[in-house]
Structures are given as structure tokens and as C-alpha cells.
Amino acid sequence: MENLIALVNRLQRACTALGDHGEESSLPTLWDALPTIAVVGGQSSGKSSVLESIVGKDFLPRGSGIVTRRPLVLQLHRIEEGREYAEFGHLPRKRFTDFAAVRKEIADETDRETGRSKQISSVPIYLSICSPYVVNLTLIDLPGLTKVAVEGQPDSIVLDIENMVRSYIEKPNCIILAISPANQDLATSDAIKISREVDPKGERTFGVLTKIDLMDKGTDAVDMLEGKSYKLQFPWIGVVNRSQADINKNVDMIAARRREKEYFSSTPEYRHLANRMGSEHLGKVLSKHLESVIKSRIPGLQSLINKTIIELETELSRLGKPIATDAGGKLYMIMEICRSFDGNFKEHLDGVRPGGDKIYYVFDNQLPAALKRLQFDKQLSMDNVRKLITEADGYQPHLIAPEQGYRRLIESSIVSMKGPAEAAVDAVHAILKELIHKAISETAELKQYPSLRVEVSNAAVESLERMRDESKKATLQLVEMECSYLTVDFFRKLPQDIEKGGNPTHSIFDRYNDSYLRRIGSNVLSYVNMVCATLRNSIPKSVVYGQVREAKRSLLDHFFTDLGKKEGKQLGTLLDEDPAIMQRRLSLAKRLELYRAAQAEIDSVAWSK
């Protein structure tokens, strides 16, 4: 059972090393969940003397006013043999065998945190004492409660101390050791008053009466010790500390304990209570009770630790990986982030994520509708056909068929198809650009690094613009190809005048009559519609080949090329993470390390049981 208290001691030391000592946090602290014994009492209540009696050594600073200005976590370890020594948490490799030096170090460490003022601090001092004469026990000595501020202290000191004490003892895992002097009215005891506020039923409060030997003649503390004056769940324990004269004379603690036993066994009023009085009995009772509380809390501690580990891992995952320190590591990290973004972008195009279907809508609806809206009927009106045919003939009218006139009519109609072709290219470009922004917002790592996010976004958009320009050039070439070479077979299959009984010897002017021109316009329209159907199928292929396929294949190629030329410092500017996030990740990583170590420690103890 002794290793349970040692376990809590190790966890408390780890908590303090990481700054996790019960202060405000977005996550529950391990410190708050650990069972502790807090020593509470007013100034001059004999609190320091009680602690020294339990330890059997003079080691606490003494003086007037508020001497204890920081919580002192006192961890007692019983050793079988050897010389007594003390170790501080802030001086882990230094052993103190002179307890006067321990007293001085407590005072010096307090001043390091608070300065030489009389301010208080909630950051604990850790002190471990190993001795054959102590029981395994951990106590937290808190600043003494006071009613007035002394010179050099702010007026708020009274409330500050009370709030600090309350912050410890209000936690359900805290056992309260309430020190009250027997020579004062128990109703006015600072320790009992504040303990009653947080533990009204006295279920986790141990009452200790000091200065019993200093009570007025004719009075005694029997009613208080028997719980008649104020009842607690646990029996009151009386102690007799060394007097100031004894302290001045450096009276040995062993002798003081012997005199304490003699006092209770020889005083008639307390003889029947003698077996449960004294500082030695107090230490044993507290040690046994702390062990039982720790044992009962182990399942709850395991549950808290497991839950907190999951929360910490989730939060760390959300914050992303820490930045590499070397140039190679930074380059690899940037490349991995870019690949993650590129993967998200491709998933949009491939239908894993939404958005890619909009491209098909352009080809299946927008492009056909735009081609349909082309006003070929105006282009091939009777007047326009007559105008172009006669202009194409020049001074010498055509002999059989107006070939040049046909070409001009067809070319002028096909050229108008460039508009829908360009619009299709631009529409797909706009969709790809929108998918770029979506993929960037969906890449969690890019949220970490604003500069990299901007660079990747700009590089991707620039690539899309290059691809758009190339795609537009290729797509317009399809239209120009249709203009530059007409499909001869189409015209060979057209019915000729002579085959229909026409007379080729008609006057040249008859060839410009309405019926003749109408047939030319109809033939041109048929050819233009055939070309329109061809382009409706070939334009999407060109656009996909030049933009969608290229975007999937080489969206960030130029960016990667430039990236390879950058030095470590330049790469570092891309990974300009918010310092607050860096600090948060570091803090969470340390806490996760603490909780994993605590998990292993507690599991080993639980399995051993």
C-alpha cells in the first residue's frame, strides 16, 4: 500500500514540472484529480509546529507575519535505514542533510518567485524528506489565514490568501487538516470556519487542536476532542507542540514527542484519550487515510487520464505537426502539405468530393445552348447571301457553282463559333479555380501556415491561367481548322442543277434569283450545322485535355521547381505558424507526455493489486 502514496508523489512532482498545478485550464488538470492533504490554519495557530512534529525536524521558516507565502508540498518517504536527507523539486540532484539549510532554501525559493516583498504565489515548492522516523505521507502547507495586512502587504492579501486556501480545499479530492488552537474559542477558528464552507458535513476534514497545554487553569479541551463542540466524521486529535522557549533552546524533537506522550497519559482529563493523541498518532492516521483514499480513487484517475489523453491527442492532431528544424525537413513538410492539397483537389475532379460535376454541366448544357443561340439565320439571310456571293464573284461571275461565295458564307458563320468555344474554356477555368479554393480550405495543414497557404493558392491559380491560355489557343484552333479546310464530300453529295433538269445555259442573272440563293443558303446552313455538331464534341475534349488533365497532372510543378531552389531560411518564411499555436502545441505535448507517464504508473499499481 505504501507505493500508492509514492505514486501520487511522483505524479504531483511531474505536474509541477509542467506547470500543471491546479490553475485554470481548458482541460481538467491531473493535479486536481489527485488526493491531497491540505494543512489549513490561522497565523499563530501552531500549524508549522504540527508539521515539524510530524516530520521530527526543524525545517520551516519562522517569524512574524505571513511566513508561508507559497504552498509547500511536503512529501515524506520512510526509508529503512540511512541518514535523513531532504530534496527540493527545483534542485533535484542536491541532497540537504542540514535542515537549517532546508529552512533557508524554502525562504530563498519563495523570494525567487515573489521577490523580497510580502506577496504570495500559488506556485508550489516541492520538498521531499526521506527518513527512518517518518510515515509515508504528503501534506500541502498553505499560507496562514489572517485578518489584517501587515506593512508591505497589499490590502487584498487577506482575501488573496483565503481564495488560495479555498482553491485547494474546495476540491472533492482534498483532505483538510484544520489546525485550531485550543486556547481560543473554536467558533472563531479560521480553519474551522473556512473548512465548514467547503465541507459542511465534515466528511473530509480532520480537526487538530494545538496549544492544549496553554489553556487557562480550570479549563480543558475534552469537549472539543470528543467532538461535542464541533462534530467531524473523524475524531479530533490533540497535539502538544514545543514552546517558544523549547524552540529557542533547540530542544530535540524526539524528546519533545516523548514529553507530548507523557503529557496526555499523565493529565487526568486526557488520559482516556491518550492512545489517539499526539503528533506521531496524527501522522499515522493521515498516512493510513490517504492510502485508502488513493486506492478508492484509482479507477476514477484511470478514467480521467484515458479521457484526457484522447482529448489531448485530438487537439494536437487539429493543431498539426510541429515545424521541422532543418531545411530538408522543412522542404519535405511543405511537399507533404502540397500533396495533401493536390489530393483534395483531384478528389473534387474525380467525384470523391463535390464540384467536378459542374464541368460536365458546361459541356452538356452551357456549350450546346451557346451554339444554339448563334444566329445563323441572320448570317444566311437572302440579302447577305446575295451580297457575299456577288462580292465573291467580283468582275467575273461564277460559271457552275459559287465556290468562293460558299467559302465566305461558311467561314463567316463558323467564325462566330469562337465565342461559345472561348466561353467554355473560361467556364471550366472558373470552376477549376473554385475547386482550388475549396481544396485549400479543406487542407487542414494550410490553415496552420498563412504564408504557405497564399503561396500555394497563387501558384495553383497561375498554373490554371497558363493552362487556360494554352487550352483556349488549342480550342480556337479547332474552329480555325474547320474554316481552313472544308469537307469536300459534303458538297459532292449535294444535288446539282443539271441533275434536276436545270438548264446550265440560263442567263448569268438567273443564277442570282431568290430560289437559287435560297438553295445556297440552305446548303451552307446544313454544312454549318454539321460543323457545329462536330465542334460540340471536340471542344470538350480539347478543354479537358488542356485544362482538367493538365491540372490533375502538373498543377504545382512550377511551384515545386521554385521550391527546390529555396534555402532553409526562405522555406522557414513559408512555415510562419502563429507563435500562440506553437506554444499551445508544445504545452499540449508536454501534458500528453505527463498523462501517458501517469497512465503507465497507475496501470502498473492497479495490476500489482
Side-chain angles (χ1 to χ4, degrees), residues 313-362 425-471 543-582 584-585 588:
E313 287 175 340
T314 302
E315 178 72 0
L316 279 170
S317 176
R318 187 185 68 78
L319 292 177
K321 297 177 182 178
I323 301 171
T325 54
D326 61 299
K330 288 176 182 175
L331 179 61
Y332 176 79
M333 192 172 185
I334 292 172
M335 297 283 282
E336 284 296 296
I337 293 171
C338 291
R339 287 191 188 102
S340 178
F341 153 73
D342 197 44
N344 291 340
F345 175 67
K346 288 175 182 174
E347 285 181 359
H348 280 290
L349 294 174
D350 295 337
V352 179
R353 299 171 188 255
D357 55 309
K358 292 181 180 179
I359 295 174
Y360 177 71
Y361 178 84
V362 171
V425 172
D426 290 337
V428 170
H429 171 75
I431 293 168
L432 291 174
K433 197 171 175 181
E434 180 187 338
L435 296 183
I436 288 288
H437 295 311
K438 276 188 179 180
I440 282 177
S441 65
E442 292 164 353
T443 306
E445 297 90 342
L446 285 175
K447 294 177 183 177
Q448 250 178 281
Y449 311 109
S451 292
L452 180 60
R453 180 188 176 109
V454 170
E455 288 291 324
V456 170
S457 177
N458 290 342
V461 170
E462 285 174 11
S463 285
L464 287 184
E465 287 173 352
R466 281 193 296 270
M467 293 168 191
R468 177 199 59 195
D469 294 342
E470 290 298 318
S471 176
V543 172
V544 167
Y545 184 85
Q547 290 194 90
V548 180
R549 175 181 169 277
E550 280 301 299
K552 288 178 68 176
R553 192 176 67 87
S554 60
L555 183 66
L556 294 178
D557 279 8
H558 283 80
F559 178 71
F560 289 151
T561 302
D562 292 340
L563 202 61
K565 300 173 184 175
K566 293 183 184 292
E567 297 179 355
K569 191 174 181 181
Q570 293 172 307
L571 294 171
T573 60
L574 294 177
L575 300 172
D576 61 337
E577 190 174 30
D578 184 347
I581 293 177
M582 295 174 70
R584 173 75 174 155
R585 185 190 297 107
L588 289 173

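No hydrogens, no waters, no symmetry mates; every other heavy atom, side chains included, goes into these values.
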Straight-line distance of [X] [atom1] to [Y] [atom2], nearest 0.5 Å:
X	Y	atom1	atom2	value
H429	D469	NE2	CG	8.5 Å
M333	L571	CE	CG	12.0 Å
K330	T573	NZ	OG1	9.0 Å
N344	K438	CG	NZ	12.5 Å
S317	L588	OG	CG	12.0 Å
F345	H437	CZ	NE2	11.0 Å

Under 4.5 Å between any side-chain heavy atoms of [X] and [Y], yes or no?
X	Y	answer
I436	L432	no
K566	L563	yes
N458	F559	no
V456	I334	no
E315	R318	yes
R585	Q448	yes
V543	V362	no

For this session: Begin from the C-alpha positions of E465 and V461 and carry the test side-chain contact (heavy atoms from CB on, under 4.5 Å) through to its verdict.
Result: CA-CA 6 Å; E465 287 173 352; V461 170; 3.7 Å; yes
Looking at every heavy atom in both [X] and [Y], which two are closest together, and how far apart are they?
X	Y	value
Q547	S471	CG-CB, 3.4 Å
I359	V428	CG2-CG2, 4.2 Å
I337	T443	O-CG2, 4.1 Å
S451	L574	CB-O, 3.9 Å
I431	G355	CG2-O, 4.1 Å
L556	A459	CD2-CB, 4.3 Å

For this session: For S457 and R453, indicate whether the former's side chain and the latter's backbone hold a donor-acceptor pair under 3.5 Å.
Result: no
Problem set entry | R466 and S463 side chains, donor-acceptor separation under 3.5 Å | yes
Exercise. Which residue pairs pass the salt bridge (Lys or Arg N to Asp or Glu O under 4.0 Å) test with at least one member in residues 335-347, sequence neighbours excluded?
Worked result: E336-R339, D342-K346, E347-R353
